Number of protein chains: 2
Amino acid sequence: MRSPDWITVRALPLFCDMEEEHFDQLIDGAFCHRFPKYANLVTEGDTADFLYVLVDGLVELYGTHDGQKTTLDVMQPVGSFTLAAVIRDDVYLKSARTLMPSQILMIPAQTVRQIYRCDHAFADAIVNELAERYRCTVRALKSVKLRNGLERLANWILCTDEQQGGQRSFELTFDKRTLASRLGMTPENLSRNLAVLTKHGVRSAGRGIVIENPSALMQLAKPNSLIDG
Amino acid sequence: MRSPDWITVRALPLFCDMEEEHFDQLIDGAFCHRFPKYANLVTEGDTADFLYVLVDGLVELYGTHDGQKTTLDVMQPVGSFTLAAVIRDDVYLKSARTLMPSQILMIPAQTVRQIYRCDHAFADAIVNELAERYRCTVRALKSVKLRNGLERLANWILCTDEQQGGQRSFELTFDKRTLASRLGMTPENLSRNLAVLTKHGVRSAGRGIVIENPSALMQLAKPNSLIDG
DNA sequence: AACGAGATTTGATCGATATCAAAAGGCAGG
DNA sequence: CCTGCCTTTTGATATCGATCAAATCTCGTT
């Protein structure tokens, strides 16, 4: 690849401890591409040919069934996806597409498995990555099964704010249709739920969200470290 | 431990390829206990002290929040649980209890991590186990978000039958309350949904379920290998 | 065999979420 | 700055699933 910033890739927990030589081998066989907004990257059911690294931009991971589609995750840079399918040499379970113009590193699955077998630090990082992803998915499942739509939205606002530095104010980086799907509700209900949150300390306009009364919001959200992370 | 059947434990994918010596070390520090029905094994939020292996019996993994409880998985022998929390040296995200009298092997987390570091085959098995568990959880999440209750029940019946040999007939091994929770519905709605399935080729009485018309059931269920596995 | 506790089913109703329809708002291209 | 398309919001309604209540069933115990 001829990207200027693979220092950031190298710095990923997944790669940061591995042998320089092995990292170079991974990179040698890899492609780095720019994709436009809404480009399809991965189709669920295909055999896992690549490990993906989102270097810059935004990627949606989603699942489809019987004409339906649901957003499972929205990935931010820098991070990898499709690791589990690659390691098990199996099909992808999630589809992926860009939500904005994005720079994507694609590492051939075979190369990943090969280096995994010979680089102990890389193998260890893979274990940690898989365990963490697993736990995130367990949290997501608990959230869907134990909370209603309004509560999921309230907690998403609290988490997103915290993740962005706790300024009590942030902007959506993707459209509300996708957020609704991520949260497991329709766009119509997301809109209505945002309106309801006005009574619980949240003011929103367009893509801006302001937490005016954190304690009121938390009282509704009932955040739980075993769900929200 | 002084159980007669740790040949079955040794045969688990997680342990079958590791060094004899290391397996012995794992076993040396472990406890093997019999627990009665409905014994609490694990409480979510506690730090992960043990890797659990269900040798015999039945175990429910569940999550709780705000006075609610939801079944996340029902484990059958022989299998392990709490691996991700143990490897990451973090808190449990799921609680666990027995659903029938069960024999449980408890391996101290520290020992697991220690052997993980020095036994390559064990580390490899852990990678595969974590990846597979991750994928199962992704499937569960897709199921909840992409199907309604009736469809989840229909597919659960198809999967359970297949897993038990495809006899088109099987018995529930745990109560309907737990099944309802596993499937993300109330016991009342499970009962009603079972009644609805009469019109789609399923006859049920008590704990017995018979698939009288597989194609009618499949037409309703729309099974999907990327959800049902 | 009768009893009683808990599980399951059934019926009635409530509430949450989805759907359908239409209006309003935002934004890019001309 | 207007136009037209797409997103979002709002309102009305329908559907699904939850809740409440009561009847029935199951099964272990006496």
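In this text, all values refer to a predicted model and were calculated from it rather than measured experimentally. Here is the naming used below: chain letters follow the sequence lines, and residue numbers restart at 1 for every chain.
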Expected output is a numbered-order residue list: members of residues 167-190 of chain B with a heavy atom under 4.0 Å from any atom of DNA chain D. What is it? B:M185, B:T186, B:E188, B:N189

Return whichever of A:G206 or A:R147 has its heavy-atom-nearest nucleotide of DNA chain C closer to the 5' end. A:R147

Separation of A:L194 atom CG from C:dG25 atom C1', in whole Å? 16 Å

Checking side-chain contact (heavy atoms from CB on, under 4.5 Å) against A:L93, which of B:V138, B:I227, B:L141 comes through? B:V138

Would you call B:E60-B:R97 a salt bridge at under 4.0 Å N-O? yes

Whole angstrom is fine here: how far is it from CZ in B:R207 over to P in D:dC25? 18 Å

Write down the atom of B:R88, the atom of A:E132, and the distance for their closest heavy-atom approach. NE-OE1, 3.0 Å

Could you tell me the separation between the NZ atom of B:K145 and the P atom of D:dC16, rounded to a whole number of Å? 20 Å

Length of the line joining B:R192:CZ and D:dA18:P, which is rounded to integer Å: 10 Å

Would you kindly give the CG-to-P distance between B:L153 and C:dT8, to the nearest whole Å? 14 Å

Once you round it to whole Å, what is the distance between C1' of C:dT19 and CG of B:N148? 15 Å

Any A:D66 side-chain heavy atom under 4.5 Å of B:L146 side chain: no

Electrostatic pair B:K94-B:D73, nearest N-O below 4.0 angstrom: no

Whole-Å gap separating C1' (C:dA7) and NZ (B:K37): 11 Å

